[in-house]
Structure formats: structure tokens, C-alpha cells
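Each chain gets a letter, A, B and so on, in the order the sequences are listed, and its residues count up from 1. Source: prediction; values computed, not measured.
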Number of protein chains: 2
Amino acid sequence: MKEASEDLETRFHKLMEKLKEHQFRFTPQRIAVLRALVFSDIHPSVEDVFHQVREQFPTTSIATVYKTVALLKDLGEILELGFPDMSNRYDARKPYPHPHVICLRCRKIIDPELERVPELEREIRHKTGFLILSHRVDFFGICPECQQSESL
Amino acid sequence: MKEASEDLETRFHKLMEKLKEHQFRFTPQRIAVLRALVFSDIHPSVEDVFHQVREQFPTTSIATVYKTVALLKDLGEILELGFPDMSNRYDARKPYPHPHVICLRCRKIIDPELERVPELEREIRHKTGFLILSHRVDFFGICPECQQSESL
DNA sequence: TCTCAACAGAAAATCATTATCATGTAGAAT
DNA sequence: ATTCTACATGATAATGATTTTCTGTTGAGA
Ligand SMILES: [Mn+2]
Ligand SMILES: [Mn+2]
Ligand SMILES: [Zn+2]
Ligand SMILES: [Zn+2]
């Protein structure tokens, strides 16, 4: 896992490139939002990013964070995970659909390695005739850490 | 598929039973909401149910529909499908987690027959150590009907 | 340095959902 | 059938995450 943080730098620069391509400006706040999004490993909420950015730029408005996230959504460079009972969470590292595992206790969200989703998609296509464009595969439960602390 | 509508009657009466067990009252509005929920085949929104119920009881408030849906949620007799960009949809026929296929054009939601989800869950358990309690498996795309009308 | 469209920040608007509360009524007791 | 009352309805207000609006500011090209 030595290369993980290098990958994050790469990803960050990919996003900067994308902004340049589309002639969006590089403001300090925008760059800080990108950094916070890419370098967070918790699938952060807008609020999470907001707090992170505020440490460096205390006058930042939460609207600015929302706007940058919307921008990335338009560019297809961020995956939005909406929930009925909590605020949206974001994955700017992997903007394409992929499965998630969510701890109901500590709200941690992780990316599991799963090979079976494409098969599932093929099965759906075959059985329903739908043209499938994206998906959302989430499992909810209790993470190993929370299972420990629960059994006290 | 002859028995499908009979199953719906059965399901409806199951819900009525459940209300009786828990000593909730049988009001005309509440019964109409149950009917609308069970007999709709589109995974209706609260608004959908509201309009349906209004045809029979024009003074019904949308708050009443929300409250009955909340009641069924508490009883574990309805499945809530939340979306970030549209209002919640409900399945009162199958209150347990199951996969869905959603048309992005006409917003139709169907229940596909899939066998692979339990395997997926086992894979998750094994790879992450999570205790899995529920899931959400949605595929988004274009239904066969909308594919037809799109290619004009 | 100058210019100006794009941006940041503050505040208001939106919208689905939930909460509040006065009035009405289901259903049990009389 | 009548009465009683706890629960339900319906109208309205509150909520909270997100979006929009507006005004002053600024990134970046000329
Ligand atoms: Mn992810
Ligand atoms: Mn369903
Ligand atoms: Zn946990
Ligand atoms: Zn369709």
C-alpha cells in the first residue's frame, strides 16, 4: 500500500487538469475542496469537506463546497452517494459506480473488492431487457471494530 | 400470473392483521393508503399514494399518508427506497431488501428475479468482516419500452 | 497594470419530510 | 343507541440538506 498516497496525488492532479481543460479558475478554496475530497478516506460529506477546508481558509462558505462538488458531478469526476436518512457522501477517487459497505454504527463507508457485480448486471440485462447505465450496490451492517465495542 | 392479484389481497389482509395486532384503528383513510400501497405496481411515492387516496377521500391530507407510511416502516412492513434526486418510493408487497431496476426515462421501478445477491453478501462478509444487516442493490437504465420510443 | 467574466460568501429559497396542535371520530364501555 | 376518550386526521409550521440569488471580489489573460 506504499503507492496509495502517490495515487492520490495523481488523482488530485487529474482533477486539476480537468478543471484547466474546461477553463475553470484555480481559486484557493476550490483547490482546498479538491484536496479534501481526494485525500479523505471516509467518503466525506459536504460538511466534512467544509470543516476540513475551513482549517486553512476560515472564511469559506459551505455554498462554495456545494458548488465545487456540483462542478465535479457535472464533469463526471465524483460519485455521489445519497441516503434517505443522512447527508450525501462522496467518492472523488473512484467516480464510477462501485459497491460500498456502510457501518450503521460509526457511519464508516468502505470500498470492498467485489468481482461479481458485472455478472449481476449481465443477468439483469438478460432478464429485464433494460439498457443498464449505472448501479448502486450498498451493504449495511456493523464493521469489525464496532462489533468489538458492541460486545462489552 | 393469475394468482398475482390474489396474492395482493392476501398481502393487504396481512397488513390489516398487523394493524389489528398492534391495536391501531381502522380509519377509511388508513385503509385506502394501505390499498393504494399494496395494489400499486410502480413502487409509488407518497405523492402517488396521496393522489390515489384523494380520488376516494378528497379531504385527505398528505400528512396522513406520510404518517401511515411511517407506521408501516415501524412495523417493518414496507421497504423504503430513498433517492438523492427524487422523492422516496415504497414497496409494501416485499418489505425485505431486494434488488431493483429503475428506468431513468419514465421512472418505472421493477423487481427483477436475481439469484446472485446472497452470494454477493457472503463475499462481502468474508472480505470485510462486516456483520451484514441489509442491502440496497439498484440498477439504473432505460426500460425496453423507453428504448423503443427513444429510437424514433 | 487593467479588465471583466467567473467566483466566493452571505443570505434567501426550495422541497421533501417531520412535527405540532386543534378538531374529529373509531371503537370500547355503558 | 349514547357516551367517552385516546388516537387519528388535516391544516399548518418547522426542519434540514441542498440550491439559488445577489453583490462584492479576484484569477488570469491582454
Ligand atoms: Mn467508494
Ligand atoms: Mn420492490
Ligand atoms: Zn463501525
Ligand atoms: Zn422507461
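The number of heavy atoms from other shown groups lying within 6.0 Å of NZ (B:Lys94) is above 12. Atom NE2 of B:His126 sits in a sparse spot, with 12 or fewer heavy atoms from other residues, nucleotides or ligands closer than 6.0 Å.
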Please list, pair by pair, any protein nitrogen or oxygen found under 3.5 Å from a nitrogen or oxygen in nucleotides 21-27 of chain C.
| unit_1 | atom_1 | unit_2 | atom_2 | d |
| --- | --- | --- | --- | --- |
| C:dG27 | OP1 | B:Phe26 | N | 2.8 |

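Checked by atom type and distance alone, the side chain of A:Lys127 pairs as donor or acceptor with a backbone atom of B:Glu113 at under 3.5 Å. The backbone N or O of B:Val46 sits nowhere less than 3.5 Å from a side-chain atom of B:Arg89 that would complete a donor-acceptor pair. Between the A:Arg136 side chain and the B:Asp138 main chain, no donor and acceptor come within less than 3.5 Å of each other. In terms of modelled atom types and a separation under 3.5 Å, the side chain of B:Arg116 and the main chain of A:Leu120 share no donor-acceptor contact.
Residues of residues 69-92 of chain A having a heavy atom closer than 4.0 Å to DNA chain C: none are found. Taking every heavy atom of residues 13-23 of chain A and every atom of DNA chain D, no pair lies under 4.0 Å. Sorted by residue number, the members of residues 29-36 of chain B with any non-hydrogen atom under 4.0 Å from DNA chain D read B:Gln29, B:Arg30. Contact check of residues 43-57 of chain B against DNA chain C (heavy atom, cut-off under 4.0 Å) returns no residues at all.
At the phosphate of D:dG10, OP1 or OP2 sits under 4.0 Å from a side-chain N or O atom of B:Thr64. Of the side-chain N and O atoms in A:Tyr66, one or more sit less than 4.0 angstrom from OP1 or OP2 of D:dT18.
Annotation: the span from A:Ile124 atom CD1 to B:Phe139 atom CZ amounts to 5.0 Å, rounded to 0.5 Å.
When only modelled atom types and interatomic distance are considered, A:His98 and A:Asp111 share a side-chain donor-acceptor pair under 3.5 Å.
Between B:Leu104 and A:Leu133, some side-chain heavy-atom pair lies under the 4.5 Å cut-off. Contact of the B:Arg11 side chain with the B:Pro95 side chain is registered, since non-hydrogen atoms from C-beta on lie closer than 4.5 Å.
Cluster annotation: B:Ile132 and A:Phe140 are assigned to distinct hydrophobic clusters (Ile/Leu/Val/Met/Phe/Trp/Tyr, side-chain heavy-atom contacts under 4.5 Å, transitive).
Results of the side-chain contact (heavy atoms from CB on, under 4.5 Å) test with A:Arg30 over A:Leu19, A:Val53, A:Thr64 single out A:Leu19 as the only residue that passes.
By the 6.0 Å and 45° rule, A:Arg122 does not stack over the aromatic ring of A:Phe130.
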Run the salt bridge (Lys or Arg N to Asp or Glu O under 4.0 Å) test on A:Glu9 and A:Arg35 for me, step by step, so that the C-alpha distance in whole Å, both residues' side-chain angles and the decisive distance to 0.1 Å come before the verdict.
CA-CA 9 Å; A:Glu9 275 302 333; A:Arg35 292 204 103 85; 3.7 Å; yes
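Contacts of B:Asp48 classified as salt bridge (charged side-chain N to carboxylate O under 4.0 Å, His left out), with partners at least two apart in sequence or in another chain: none.
Along DNA chain C, the nucleotide nearest A:Ser61 and the nucleotide nearest B:Ala63 are compared for position; the residue whose nucleotide lies closer to the 5' end is A:Ser61.
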